[in-house]
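The first residue in the sequence is number 1, and the count goes up from there.
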Amino acid sequence: MKFQTLCVLFAGALLLPACGTVATPPSKPLACDDGLKSAFKPDALTTVVAVRNIRKGTPLVAVDSPQPITAATDMCLVKLLVGPGATAEKDTTARSWSQGIGIEVWLPAPAVWNERIRNYGGGGWVGGGHRYPEPIGSKVPAIVNANMGYASGTHDGGQPHYQDASFAFLSNGRVNEESFRDMSSRAIYEQAIKTRALVEVYYGRTPRYSYYDGHSQGGRQGLKVAQERPDLYDGYLIAQPAVSVTRFSLAGLYPQIVMKEELGITALDRPAADAFARKVAAANARAVANCDKEKLGFLVDPFSCSYDPLRDAGALCTGVTGQGVTGSNADAATCMSAKEAVALNKIWYGPTRDGSYDPAQTTDGRAGRVLGSKQLWWAPTRGSSLSTQITSVAGSDTLALAMQDVAYAAAAPAASGIPITNTSTTVRNRWRELTLPGYAEAFLRIDTLPFLRDYLTDNADLGRFRSGNRKMILWNGLAEDVIPAQGAVHWYERVKASAGGEAQVQQFLRMYNIPGMAHSSQGRAFTVAGNNNVVPMPWLPGNANQTPTRDRDLMFSALVDWVERGVAPGEMVISSRDNSVSYPICVYPKRITWKGTGTAKAAADYECR
């Protein structure tokens with residue numbers, strides 16, 4: 001077997017630790033057996049950990065869901081480990097110790113392979129069983145991609161502990177910059193390069209097209225590749241991306257700072273936090289009722305909603321003096337004091353340098369096109385759930401990284417995710433020491449730390465992406481309860497300015513904002529309050545959609561048409577699962593608008609303008 005040299009260079013530095021070799025593809029596919037361990041040796045740092053021959057009909061349980069995916073075809077699952085890992089960590093029992101980046105590649109039987117790669121991104125702090133022979137580390141959609149005939153690679157971000165940020169700190173308490181670099185960028189490039197190299201060796205031919213498909217953290221990962229190595233894929237589907245991840249993550253901690261300053265409580269005071277969350281949910285419902293002119297039960301355009309509980313007598317407790325109103329709500333469980341209403345307004349506005357908020361904020365400001373003079377970032381829109389950010393401590397892991405001190409991370413039970421494990425100190429929850437000025441100072445530290453700047457993924461210059469004729473579809477949910485859509489809008493507007501205008505950017509990038517959609521999981525779209533079947537949302541590959549047809553893989557199908565046929569995507573009609581509501585989703589900056597006639601439940605009742 002002949003070999004050719006593979007050296008991947010980026011930003012003037014060697015991306016891979018060593019130049020290796022990639023096998024020239026043989027004339028016929030290889031067998032799915034341990035022979036791949038010797039046949040695939042792309043470089044000295046890559047090892048084939050396991051090869052699993054999976055038969056059609058096999059139930060496959062992914063790391064993110066106990067509900068199995070049924071293999072729709074024979075598959076070959078190849079598990080890789082790419083070193084060198086966390087060489088600065090000497091304690092092999094520490095969560096920050098890692099041997100490298102785990103990668104799984106799902107290879108459909110050669111007879112059904114569609115000659116395309118559709119790599120799938122990770123989520124959150126990634127991790128998983130990629131590097132171990134038996135467990136599956138991939139998320140559900142990657143297996144569904146293989147069901148459809150795509151070769152699909154995933155990675156663990158360089159650390160094996162699923163959704164656990166403990167890897168980010170060495171056992172001596174210092175930031176684990178090696179592993180953080182793997183999470184931020186290197187794992188993404190290894191995923192692309194090694195998947196393609198393995199596909200060529202296994203099938204004996206090169207793929208016709210290569211696609212990236214990623215949601216949340218996976219969306220950030222795809223944007224990172226698009227910004228820095230766009231040549232690695234032909235098309236990019238970027239869903240609800242964690243663009244400017246450290247900023248929106250630290251913004252998620254802001255409700256706790258506001259609650260402490262305004263109300264004297266935090267999530268550590270669980271009964272008080274639960275009580276405030278119930279009042280916020282009630283005010284949120286009043287915001288939807290106030291702004292829902294279509295009477296759908298959710299907001300089609302939450303950016304236009306300026307509802308203020310301080311100006312709503314029905315939101316304020318009886319006798320409370322608001323802005324031009326006196327409270328009339330006698331229900332102690334749902335009514336707000338003036339301080340609680342102010343706190344909610346500050347939370348909806350998003351973090352500022354001094355804890356202020358602008359009651360005259362414009363629609364452009366709420367939409368992410370304009371950042372206020374004192375505003376640091378945006379928050380979830382009216383109509384989005386705030387419960388998690390009120391009753392638990394979001395963003396403290398990012399704060400700990402910004403402060404370079406693990407003691408700022410939240411401890412159980414207040415942590416919104418898995419609490420960081422680190423033996424350098426038993427102190428946690430120092431986040432509660434922050435005042436508003438201290439919080440703002442911590443927020444501004446993001447731009448001073450190279451490892452966090454690299455993780456931001458907010459480069460707006462897509463010149464190489466455009467010149468390489470790559471295409472991207474990006475979509476957001478407008479009822480986001482995790483990643484405010486305004487961050488993606490803000491990034492898009494900067495890309496537009498860099499590209500020279502709307503006409504120029506739409507040659508290679510189209511963005512959609514989807515009303516009523518919250519953050520998704522396991523390939524299942526969902527909204528707030530559990531009304532998943534009555535809100536129009538696109539079908540996503542996942543548990544309930546294991547062998548999608550074109551119309552049940554709508555956004556990706558549009559991307560394929562753009563890349564392979566030159567048909568640029570326009571407005572698309574989506575429907576609720578119960579078929580009670582349909583409407584178009586629009587190419588940004590156009591937005592879905594009810595015409596003011598009809599039931600507001602049929603696509604013909606709306607237009608994009």
Side-chain angles (χ1 to χ4, degrees), residues 28-37 39-40 47-81 102-123 126-156 160 162-163 191 194-196 198-204 207 211 213-215 218 520-524 539-550 552-553 556:
K28 62 180 181 179
L30 297 179
C32 181
D33 57 30
D34 282 349
L36 276 172
K37 292 183 177 180
F40 185 65
T47 302
V48 177
V49 175
V51 180
R52 289 174 56 184
N53 197 331
I54 296 169
R55 294 301 183 190
K56 180 179 179 179
T58 301
L60 301 167
V61 179
V63 68
D64 58 335
S65 175
Q67 180 182 340
I69 300 293
T70 301
T73 179
D74 292 346
M75 300 182 191
C76 188
L77 174 59
V78 182
K79 289 168 162 277
L80 309 174
L81 183 64
I103 297 174
E104 289 182 345
V105 184
W106 298 85
L107 301 166
V112 300
W113 180 47
N114 62 15
E115 299 185 89
R116 289 158 177 80
I117 291 171
R118 182 176 177 177
N119 278 350
Y120 193 73
V126 199
H130 299 70
R131 65 189 62 208
Y132 304 120
E134 291 304 319
I136 292 172
S138 300
K139 285 179 169 288
V140 164
I143 307 173
V144 177
N145 290 346
N147 271 355
M148 290 187 281
Y150 292 94
S152 187
T154 69
H155 65 86
D156 63 11
Y162 187 59
Q163 299 302 315
Q191 172 193 23
K194 296 297 165 36
T195 298
R196 185 181 182 94
L198 179 60
V199 162
E200 291 181 348
V201 168
Y202 181 70
Y203 292 113
Y211 294 95
D213 178 3
H215 170 266
S520 300
S521 184
Q522 293 91 43
R524 179 70 164 100
W539 284 90
L540 304 175
N543 294 127
N545 197 23
Q546 296 193 9
T547 53
T549 54
R550 270 183 59 90
R552 291 199 173 188
D553 197 13
F556 188 77

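The only option from Phe556, Tyr120, Trp113 that meets the side chain to side chain contact (heavy atoms under 4.5 Å, CB included) definition with Tyr150 turns out to be Phe556.
Applying the side chain to side chain donor-acceptor pair (under 3.5 Å) rule to Arg52 yields no partners; only residues at least two apart in sequence or on another chain are considered. Legend: residues meeting side-chain contact (heavy atoms from CB on, under 4.5 Å) with Thr70, ordered by chain and number and at least two apart, are Gln546. With sequence neighbours left out, Val126 forms a side-chain contact (heavy atoms from CB on, under 4.5 Å) with Met183, Gln217, Gln221. Scanning for side-chain contact (heavy atoms from CB on, under 4.5 Å) contacts around Asp33 gives Ala31, with sequence neighbours left out. Taking Thr549 as the reference, Asp551, Arg552 meet the side-chain contact (heavy atoms from CB on, under 4.5 Å) condition, with sequence neighbours excluded.
Checked by atom type and distance alone, the side chain of Asn545 never pairs as donor or acceptor with a backbone atom of Trp539 at under 3.5 Å. Counting only distance, with no hydrogens or angles, the side chain of Asp64 and the backbone of Val140 share a donor-acceptor pair below 3.5 Å. Without hydrogens or angle criteria, Thr58 side chain to Ile54 main chain gives no donor-acceptor distance under 3.5 Å. At distances below 3.5 Å, not a single donor-acceptor pair connects side-chain atoms of Thr73 with backbone N or O atoms of Pro108. The main-chain N or O of Lys194 is never found under 3.5 Å from a side-chain atom of Arg196 such that the two would form a donor-acceptor pair. With hydrogens and angles ignored, the 3.5 Å screen pairs no side-chain donor or acceptor of Thr47 with any backbone N or O of Val49. Between the side chain of Lys79 and the main chain of Gly129, a donor-acceptor pair closer than 3.5 Å is present.
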Side-chain donor-acceptor pairs of residues 131-138 under 3.5 Å, sequence neighbours excluded:
from: Arg131; atom 1: NE; to: Asp156; atom 2: OD2; distance (Å): 3.0
from: Arg131; atom 1: NH1; to: Ser98; atom 2: OG; distance (Å): 3.2
from: Arg131; atom 1: NH1; to: Gly100; atom 2: O; distance (Å): 3.2
from: Arg131; atom 1: NH2; to: Gly100; atom 2: O; distance (Å): 2.6
from: Arg131; atom 1: NH2; to: Asp156; atom 2: OD1; distance (Å): 3.4
from: Arg131; atom 1: NH2; to: Asp156; atom 2: OD2; distance (Å): 2.7
from: Ser138; atom 1: OG; to: Glu104; atom 2: OE1; distance (Å): 2.5
from: Ser138; atom 1: OG; to: Trp106; atom 2: NE1; distance (Å): 3.0
from: Ser138; atom 1: OG; to: Thr154; atom 2: OG1; distance (Å): 2.7

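In this structure, Val78 and Leu80 have side chains that are in contact, with non-hydrogen atoms separated by less than 4.5 Å.
Salt-bridge check for Lys56 with Asp74: failed, with every basic side-chain N at 4.0 Å or more from each acidic carboxylate O.
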